[in-house]
Amino acid sequence: MEGIEHSMVRVNGIDMHIAEKGKGPVVLLLHGFPELWYSWRHQMTSLASHGYRAVAPDLRGFGDTDAPPSSSSYTAFHIVGDLVGLIDRLGLDQVFLVAHDWGAVMAWYFCLFRPDRVKAFVSLSITFTPRNPSVKPLDRMRAALGEDYYICRFQEPGEIEDVFACFGTTDVLRRFLTYRRPAPLFMPKGKEFEHTHDPQISLPSWLLEEDINYYASKFDVKGFTGGVNYYRALNLNWELTAPWTGAQVKVPVKFMVGDLDLTYNTPGAKQYIHGGGLKKDVPFLEDVVVMEGVGHFINEERPEEISTHILDFIQRF
């Protein structure tokens with residue numbers, strides 16, 4: 001955490017908190033759910049030591065950044081607009097993108113909408129998802145995985161927030177951040193965290209109590225609604241991005257995922273990644289790395305390896 005500077009910037013009508021470290025070409029690091037800029041603490045130090053300026057915002061709805069209440073304020077247009085505004089405020093034409101989870105979803109949209117602003121992109125855990133013009137995302141998920149699938153459970157405003165409140169912020173964060181079952185996540189009503197058999201939820205070596213406490217200190221204030229609103233805007237994103245149906249992502253890309261990641265073990269994911277689908281949609285895909293024995297929160301679980309992979313890729317440009 002030493003040497004990381006914090007500031008607030010006004011972008012796209014909201015106040016955004018950013019953390020940064022180092023000098024040189026900018027690497028923009030985008031976190032997922034339920035995370036914060038803090039998720040990149042290890043990579044920020046590594047990038048700065050190798051001559052890069054690491055910039056990690058709290059995305060809209062998270063941490064010290066503003067959190068509009070309506071899910072309709074969390075579309076890809078809003079988030080990419082925030083990020084383009086940030087790059088403009090930094091006085092930059094282009095950045096390297098590194099992103100995980102929902103940050104990666106939005107980074108794929110960023111590359112689709114504004115490839116002119118991206119030098120290269122490292123995506124962790126989340127592949128590009130081509131728009132299916134015949135079915136909305138939530139309809140597809142409900143048909144394939146049912147109403148207990150966690151993304152479907154997140155849809156009703158206020159409902160999952162009430163569940164989280166019953167468990168408490170710290171407990172919810174421990175359960176999500178330690179999840180490593182290689183299968184889709186289901187949260188049946190009344191049994192939302194039944195996959196967690198350890199009542200104490202022992203932390204792995206890579207996740208400290210102080211890390212959980214930092215996350216909790218921010219989510220206690222902000223709540224989970226902002227982060228959950230990304231899931232609630234899925235169908236709206238589908239509607240708004242109809243003009244990009246069939247469009248390819250045309251920036252250099254490296255994709256990394258853990259073999260225990262729930263996303264990698266979602267039905268159809270491995271075939272898409274390894275069967276040519278991803279390369280077809282992302283023609284400048286240069287590397288695919290599957291890390292053995294690694295779960296979803298890959299940049300925290302294997303910080304040194306991830307930092308090395310990021311540097312190996314961006315130093316080509």
Side-chain angles (χ1 to χ4, degrees), residues 1 4-20 28-41 44 55-83 85-86 99-107 150-151 153-179 187 192-193 201 207-234 236-237 296-297 299-300:
M1 302 289 285
I4 294 178
E5 298 178 353
H6 298 267
S7 60
M8 298 294 294
V9 293
R10 187 73 179 173
V11 297
N12 197 25
I14 66 169
D15 290 323
M16 173 178 274
H17 166 250
I18 62 170
E20 56 183 309
L28 186 59
L29 301 151
L30 309 179
H31 68 81
F33 176 87
E35 298 177 282
L36 302 165
W37 74 268
Y38 185 84
S39 310
W40 300 108
R41 60 199 180 279
M44 293 178 75
V55 178
D58 283 333
L59 294 179
R60 173 182 292 238
F62 291 89
D64 294 323
T65 294
D66 285 350
S70 172
S71 61
S72 63
S73 297
Y74 291 80
T75 71
F77 290 157
H78 288 89
I79 310 305
V80 174
D82 296 344
L83 298 172
L86 174 58
H100 174 251
D101 191 75
W102 266 107
V105 175
M106 293 303 164
Y150 79 106
I151 294 176
R153 282 298 318 281
F154 281 8
Q155 294 306 310
E156 184 63 32
E159 182 184 303
I160 204 68
E161 290 95 325
D162 289 343
V163 171
F164 291 168
C166 290
F167 282 89
T169 303
T170 299
D171 196 49
V172 168
L173 290 166
R174 292 172 77 98
R175 290 172 190 272
F176 272 115
L177 294 171
T178 59
Y179 183 83
M187 302 182 73
E192 281 79 8
F193 288 109
I201 320 170
L207 189 64
L208 306 178
E209 288 290 348
E210 65 189 66
D211 301 329
I212 294 288
N213 291 340
Y214 182 83
Y215 285 122
S217 72
K218 299 302 180 180
F219 281 99
D220 271 337
V221 173
K222 189 70 71 178
F224 290 98
T225 297
V228 174
N229 276 340
Y230 286 71
Y231 298 90
R232 292 173 180 157
L234 273 165
L236 182 54
N237 276 329
H296 181 63
F297 297 96
N299 46 318
E300 297 201 68

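All values below come from the heavy atoms of this structure, side chains included, with hydrogens, waters and symmetry mates left out. Sequential numbering from 1 along the given sequence is applied to the chain's residues.
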For this session: Identify whether the distance between the nearest side-chain nitrogen and carboxylate oxygen of Arg41 and Glu210 falls below 4.0 Å.
Result: no
Exercise. Going by the angle between their ring planes, with limits at 30° and 60°, are His17 and His6 parallel, tilted or perpendicular?
Worked result: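 Ring orientation of His17 relative to His6: parallel.
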For this session: May I ask you to decide if the ring planes of Tyr215 and Phe219 are parallel, tilted or perpendicular, using 30° and 60° as cut-offs?
Result: tilted
Do [X] and [Y] have side-chain heavy atoms sitting under 4.5 Å apart?
X      : Y      : value
Arg153 : Val163 : yes
Leu83  : Leu30  : yes
Glu35  : Phe62  : no
Leu207 : Ile212 : yes
Glu159 : Val228 : no
Glu192 : Arg175 : no
Ile4   : Trp37  : yes
Ser72  : Leu236 : yes

Give the minimum heavy-atom separation between [X] and [Y], together with the two atoms involved.
X     : Y     : value
Glu20 : Ser7  : OE2-OG, 4.3 Å
Met44 : Leu29 : CG-CD1, 3.7 Å
Ser39 : His31 : OG-CB, 4.3 Å
Gly61 : Ala67 : CA-CB, 3.6 Å

Check: [Y] main-chain N/O paired with [X] side-chain donor or acceptor under 3.5 Å:
X      : Y      : value
Arg232 : Ser71  : no
Asn299 : Trp40  : no
Asn237 : Ala76  : yes
Arg10  : Gly13  : yes
Glu161 : Pro157 : no

Distance in Å, [X] [atom1] paired with [Y] [atom2], rounded so as to fall on 0.5 Å steps:
X      : Y      : atom1 : atom2 : answer
Asn213 : Thr170 : CG    : OG1   : 6.5 Å
Tyr74  : Arg60  : OH    : CZ    : 7.0 Å
Lys218 : Tyr38  : NZ    : OH    : 11.5 Å
Asp15  : Asp58  : CG    : CG    : 12.5 Å
Asp66  : Lys222 : CG    : NZ    : 6.0 Å
Leu86  : Leu28  : CG    : CG    : 6.0 Å

Problem set entry | Residue from Val172, Leu173, Asp171 passing side-chain contact (heavy atoms from CB on, under 4.5 Å) with Thr169 |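 Exactly one option meets the side-chain contact (heavy atoms from CB on, under 4.5 Å) with Thr169, and it is Leu173.
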Exercise. Among Phe176, Tyr230, Tyr179, which one satisfies ring pair (Phe, Tyr, Trp, His ring centres under 6.0 Å) with Phe33?
Worked result: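 So the option named by the test is Phe176.
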Exercise. Considering residues, nucleotides and ligands other than Glu209, do more than 12 of their heavy atoms fall under 6.0 Å from its CD?
Worked result: yes
For this session: Could you check Ile14 against Thr65 for side-chain contact (heavy atoms from CB on, under 4.5 Å), going step by step and ending with a plain yes or no?
Result: CA-CA 8 Å; Ile14 66 169; Thr65 294; 3.9 Å; yes
For this session: Would you please indicate yes or no on a ring centroid separation below 6.0 angstrom for Trp102 and Tyr231?
Result: yes
